[in-house]
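Following: one structure in structure tokens, then a few remarks.
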Protein chains: 2
Amino acid sequence: MDVRQLRYFLAIAKEGQITRAAKTLNIEQPPLSRQLKLIEEELGVTLFDRNGKRMTLTEAGTVLQAKAEAIVRQLNETVTEIKEIDQGIQGMLSIGSVFSCVSLLPEKIAFFRERYPRVTFKILEGDHVVLGEYLEDRSIELVVTRLPFESNYDISNYESLRLPSDPFVIVVPKKRNWRQTESSFLLKDLATTPLIALKSDKTIQLNEKIVNECRRLGFEPNIICECSSVSITIALVIAGIGVTILPKSVLSAFSVADIELFDLPDITVQSDVGIIWLKNRYLTKKAQRFIELFESTKENY
Amino acid sequence: MDVRQLRYFLAIAKEGQITRAAKTLNIEQPPLSRQLKLIEEELGVTLFDRNGKRMTLTEAGTVLQAKAEAIVRQLNETVTEIKEIDQGIQGMLSIGSVFSCVSLLPEKIAFFRERYPRVTFKILEGDHVVLGEYLEDRSIELVVTRLPFESNYDISNYESLRLPSDPFVIVVPKKRNWRQTESSFLLKDLATTPLIALKSDKTIQLNEKIVNECRRLGFEPNIICECSSVSITIALVIAGIGVTILPKSVLSAFSVADIELFDLPDITVQSDVGIIWLKNRYLTKKAQRFIELFESTKENY
DNA sequence: TTTCGATGGATGTCAGACAGCTACGTTATT
DNA sequence: AATAACGTAGCTGTCTGACATCCATCGAAA
């Protein structure tokens, strides 16, 4: 029995079919069929019930699946950890981010690569659910995101580093006469102003915070449009349809000449931002260092 | 990287020498040397410092040793557990015992084999330290022993099932005129009687309990002899040198015609007995069932 | 309902890779 | 100088994976 066989078994368990599993393993179906038979003979158990074309795990197969996953994971992490001892901080660091936090990364990555020039980066963007899956299958090690992190897995699976929050600003078209002699607005003075809200199925937190703040100040916001895309939201503002309120960092990705940003000093809430990683998994040294970089510079916001 | 290579690495780490490690693995030195080289190349680290004939672990080697041991153990336990699912309760159950508890085993083994006739037994006797080592290296799964269990490892490593305690009795020669019209003695009436104490370097608990009980009753026992062997102790009693006080079960291994046993109703302490096993290791089903047998019958003492 | 084609698992045969063995050379220790 | 131990080279046998083939099942079409 060796770990290669456990990997073969797990692939079949995952796919429920030998031929497809063989493809994911980049081998042909007959040797995979044979290896499964050898495993079953060695252990003296039947691991799959064969229902025509479908293979379902027996009780023994189910027990083995859990154990095999743990063993394979442990071996992978051991190899990674041992390699890192001598080779130092290098290799590809894979990070996930929600769109609205991507803007936090360029500056940090530039700084990190001055310190660790042999580290390369892969950035995957997605919503919380997708990023949660990427973390689980180790496509990525870290997520930079709005908090709380709402994936398909319990929040206790994660460790997090809370970053300095992101102030909200109002986005107005540049060509309108929006009190351009002042550097800030009061939210309560916008009670009747048409608002465009950034809101999608998966990310309603931002909008809720703004609505609740308006209610706290004693009025209902005049939301005339809900939009799931930042760039479309900004285009609507430029077109004069209305204004919008967004976290300041979101806008740093947009160097659009036709908008202006103003602070909202009467908003007390801010947008929570943080780094998320899996609690009980080996974290490569480069990932640890990247987290430390955010940690050591978070007073500088 | 596979588990066979981890086993090879661990053997070298344990022996500190390739040739000797190869012998324990039943292969020759050159392939083992090559496999170590392949492992070092795959991981990109040096695992051993070569000091002439001696190989000592590097930092990376030390880290890998701990991880490799865990992985190999986990795989072994997984294979054992999966095999047990279909093949049921069979195979050899290895039990350790201190000498004074060996007498507890025959009856239970006989009963167990009626229920599970395909289980065979291996009994290893030793003191607490030796039995602790046997548990660690999996030579045995269970220990039947006096409590508390005093091995080289912390007590928190173990689970235990406490058994009904063992009353102390006084052992006297049959041919002496020892109030043979009564069925019991009072300990306090033996204040001046010569006592033979069962005591060795490793098992002083029994003796201490008796001494403390005498003190509680207001006198110092008249110990004239300390002896580490039960059979010698009994021979001294038969020869009329003195009497001794032992847990009742110890005597069930001796059907000697020349001694008599009497209860000691004024002794409030008894000898604690239990079954010990390792907490964080897989326990085979036959071991679990054997424990349950003691558990289900302990009301019948 | 029956037939046919597609899909997928199991078995057989063969080639190449790899693990282990023997022989030998080198280095370190006694 | 002799012995012990590690490393390298060459050889052999076993095992793994690929290709070919057969059998069983399923789904679609007639």
- Query: How many Å lie between NZ on B:Lys23 and P on C:dG20, as a whole number?
  - Reply: 16 Å
- Query: Roughly how many Å is it from CG in A:Leu25 to P in D:dT16, rounded to a whole number?
  - Reply: 15 Å
- Message: Counting only side-chain nitrogens and oxygens, does A:Lys37 get under 4.0 Å of the OP1 or OP2 atom of C:dG9?
- Response: no
- Regarding the side chain of A:Arg34, the nearest nucleotide among D:dC6, C:dG12, C:dC21 is C:dG12
- Item | Heavy atoms from other residues, nucleotides or ligands near CZ of A:Phe121 exceed 12 (cutoff 6.0 Å) | yes
- A:Met55, nearest nucleotide to its side chain (from C:dG9, D:dG7, C:dG20): C:dG9
- Message: Checking A:Asn76 against A:Arg7: is there a side-chain donor and acceptor pair closer than 3.5 Å?
- Response: yes
- Task: Please state whether the phosphate of D:dG7, meaning OP1 or OP2, lies under 4.0 angstrom from any side-chain nitrogen or oxygen of B:Ser33.
- Result: yes
- Task: Report the distance from atom OH of B:Tyr8 to atom P of D:dC6, rounded to the nearest whole Å.
- Result: 16 Å
- Between C:dG9 (P) and A:Ile27 (CD1): distance, integer Å: 12 Å
- Measure from CD1 on A:Ile12 to P on C:dG8 and round the result to the nearest Å. 14 Å
- Taking C:dA23, D:dT16, C:dG8 as options, the one with an atom nearest any side-chain atom of A:Gln17 is C:dG8
- With sugar-phosphate meaning primed atoms plus P, OP1 and OP2, does A:Phe48 contact a base, only sugar-phosphate, or nothing at under 4.0 Å between heavy atoms? nothing
- Item | Interatomic distance where CG belongs to B:Asp2 and P belongs to D:dT16 [whole Å] | 11 Å
- Message: With a 4.0 Å limit, can you tell me whether A:Arg4 has a side-chain N or O closer than that to the phosphate oxygens OP1/OP2 of D:dC15?
- Response: no
- Item | From A:Val143, A:Ile276, A:Val144, residue fulfilling side-chain contact (heavy atoms from CB on, under 4.5 Å) relative to A:Leu131 | A:Val143
- Task: Find the distance A:Leu36:CG to C:dG8:P and express it as a whole number of Å.
- Result: 17 Å
- May I ask you to say what A:Thr19 touches in the nucleic acid, namely base, sugar-phosphate or nothing, with a heavy-atom cut-off under 4.0 Å? sugar-phosphate
- Task: Would you indicate what B:Arg20 reaches in the nucleic acid, counting non-hydrogen atoms under 4.0 angstrom: base, sugar-phosphate, or nothing?
- Result: nothing
- Note on the structure: The side chain to side chain donor-acceptor pair (under 3.5 Å) partners of A:Glu15 (sequence neighbours excluded) come to A:Arg20
- DNA chain D: A:Gln29 or A:Gln5, which has the more 5' nearest nucleotide? A:Gln5
- Query: Does NZ or CZ of A:Lys108 come closer than 6.0 Å to the centre of the six-membered ring of A:Phe290, within 45° of the ring's axis?
  - Reply: no
- Query: So which nucleotide from D:dG7, C:dG20, C:dG12 ends up closest to the side chain of B:Ile18?
  - Reply: D:dG7
- Message: I'd like to know if B:Arg50 reaches the base of D:dG7 with its side chain, counting only an N/O donor and acceptor under 3.5 Å.
- Response: no
- Item | Nucleotide C:dA10, atom P - distance to CD of A:Glu28 in whole Å | 16 Å
